[in-house]
Visitor: 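Take a look at the following structure, please.
All values derive from a computational prediction rather than experimental measurement.
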Amino acid sequence: MFSGVGAQWPTSADIRKELADRDVPVMLSFSRGKDALAAWLAMLDSGIKRENIHPIYYELVPGLKFTAESVAYYEDIFKTKINTFPHPAMYRMWNAGVYQPIDRTWMIEASKMPEPSFEDIQQMYRIDHNLPDDTLICTGVRAADSIARRTFIKKTGPLTESKRRLAIVWDWTRGECYDRIAAEGIDLPPDYEWFLRPHPRTGKLVKNSGRTFDGLAAQFLVPLREHAPEDFATIMEWFPLVELDLIRNEQR
């Protein structure tokens, strides 16, 4: 399936056409970001049926209003239910006591929370929705996104067979993703205005470099405290000592 050698991997368009012709269900790892949005649109453009696409969103912190609102927005845009699960990192952080006060230690130890992987969650979804065990999980990973990703895809191809994971727009550029989303008139999530990437040399925030919420570091917490104080308070409920990272950032 989707075979090739070195640089001769099939184009993402050919891959999507094959999936459309086979008329099989696929899952989509949906981060709410530009790559995931472009991947969803590309799948529909290629003839993959709307009902055959099963999007999954992993929430890092439960109960955030801004993520729930954007998920609801994309559900309305695509007329498809987006299934939300706790992010695997959520379980790991909880068990490790990340930003937790000492008086919560007993509760964390007693909870003995499992630490499912992405693959565990995806397989549970397959079982719950009666999908074949070989149902692919599609992602918006692109070779042009970084040297590491380009090297990996060039070597192994867009399909990671062991994880049933497929880079469905692997040969798209950043510009193609933005252009396809804009052509559809779809808004990016508020994250793209709040979480700008710092320049590697100057440290200044770079315009049009936004990304989705992806951690409890200051680069996310500071903008959240300013733009979504209610959600920042929710994060404080889950991770009461998270402001320590802000203090460290201010002292740096």
Side-chain angles (χ1 to χ4, degrees), residues 1-2 10-60 67-68 70-89 116-143 145 149 153 157-172 174 176-178 180-181 183-184 186-189 191-192 211-214:
M1 182 192 299
F2 316 133
T11 67
S12 64
D14 288 339
I15 292 173
R16 294 191 300 273
K17 183 178 184 304
E18 180 178 336
L19 289 174
D21 291 343
R22 289 169 54 196
D23 192 21
V24 294
V26 293
M27 296 183 290
L28 172 64
S29 182
F30 185 69
S31 64
R32 302 179 299 112
K34 71 178 189 310
D35 296 338
L37 286 168
W40 200 340
L41 291 169
M43 294 164 76
L44 294 173
D45 291 342
S46 298
I48 298 176
K49 294 179 181 177
R50 189 180 306 274
E51 59 269 23
N52 276 347
I53 302 174
H54 295 253
I56 296 176
Y57 173 64
Y58 305 98
E59 59 179 359
L60 185 65
T67 59
S70 64
V71 166
Y73 169 73
Y74 295 125
E75 285 181 331
D76 183 60
I77 289 292
F78 290 100
K79 309 303 179 188
T80 301
K81 171 66 177 176
I82 298 173
N83 299 272
T84 298
F85 294 93
H87 197 290
S117 65
F118 288 111
E119 292 73 34
D120 293 332
I121 295 172
Q122 291 154 14
Q123 183 59 19
M124 286 188 286
Y125 183 89
R126 292 185 185 99
I127 294 171
D128 288 346
H129 291 78
N130 297 314
L131 301 181
D133 286 342
D134 62 352
T135 300
L136 295 169
I137 177 75
C138 298
T139 73
V141 169
R142 299 177 297 106
D145 197 43
R149 287 186 173 179
I153 291 178
L159 174 65
T160 303
E161 184 67 48
S162 62
K163 297 183 177 181
R164 304 301 298 157
R165 187 173 62 206
L166 176 65
I168 201 71
V169 287
W170 73 268
D171 52 0
W172 279 36
R174 180 173 179 268
E176 286 178 301
C177 291
Y178 277 118
R180 183 63 191 90
I181 295 167
E184 204 66 28
I186 296 176
D187 294 332
L188 290 167
D191 313 38
Y192 274 69
R211 58 184 299 181
T212 50
F213 177 57
D214 192 31

Visitor: Phe85: what forms a ring pair (Phe, Tyr, Trp, His ring centres under 6.0 Å) with it, not counting sequence neighbours?
Guide: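 Phe85 satisfies ring pair (Phe, Tyr, Trp, His ring centres under 6.0 Å) with no residue once adjacent residues are dropped.
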
Visitor: Is it the case that the ring center of Tyr74 lies less than 6.0 angstrom away from the ring center of Tyr57?
Guide: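 Between Tyr57 and Tyr74, the centre distance exceeds or equals 6.0 Å.
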
Visitor: Nearest heavy-atom pair of Glu119 and Lys163: which atoms, and what distance?
Guide: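 Scanning both residues, the minimum pair turns out to be OE2-CD, 3.3 Å.
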
Visitor: Could you tell me whether Arg180 and Glu176 have a side-chain N and a carboxylate O separated by less than 4.0 Å?
Guide: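 A salt bridge is absent here (no side-chain N lies under 4.0 Å from a carboxylate O).
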
Visitor: Look at the aromatic rings of Tyr125 and His129 and report parallel, tilted or perpendicular, splitting at 30° and 60°.
Guide: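 Parallel: the ring planes of Tyr125 and His129 meet at under 30°.
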
Visitor: Do the side-chain N and O atoms of Asp171 and Ser12 include a donor-acceptor pair separated by under 3.5 angstrom?
Guide: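 Yes, Ser12 and Asp171 have a side-chain donor paired with an acceptor closer than 3.5 Å.
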
Visitor: Identify the heavy atoms of Glu75 and Ile82 that sit nearest to each other, and give their distance.
Guide: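 For Glu75 versus Ile82, the nearest heavy atoms are OE2-N, 2.9 Å.
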
Visitor: Could you tell me which non-hydrogen atom of Thr80 sits nearest to which non-hydrogen atom of Ile53, and how far apart they are?
Guide: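 Closest approach of Thr80 to Ile53, heavy atoms only: CG2-O, 3.9 Å.
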
Visitor: For the side chain of Asp21 and the backbone of Glu18, is there at least one donor-acceptor N/O pair under 3.5 Å apart?
Guide: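 A pair under 3.5 Å: no.
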
Visitor: With a 4.0 Å cut-off, would you call Asp133 and Arg126 a salt bridge?
Guide: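 Salt bridge: no.
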
Visitor: Please name the pair of heavy atoms, one in Tyr73 and one in Asp187, separated by the smallest distance, quoted to 0.1 Å.
Guide: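 Distance-wise, the nearest heavy atoms are OH-N, 3.0 Å.
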
Visitor: What pair of heavy atoms forms the shortest contact from Ser46 to Ala20, and how long is it?
Guide: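 That would be O-CB, 3.4 Å.
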
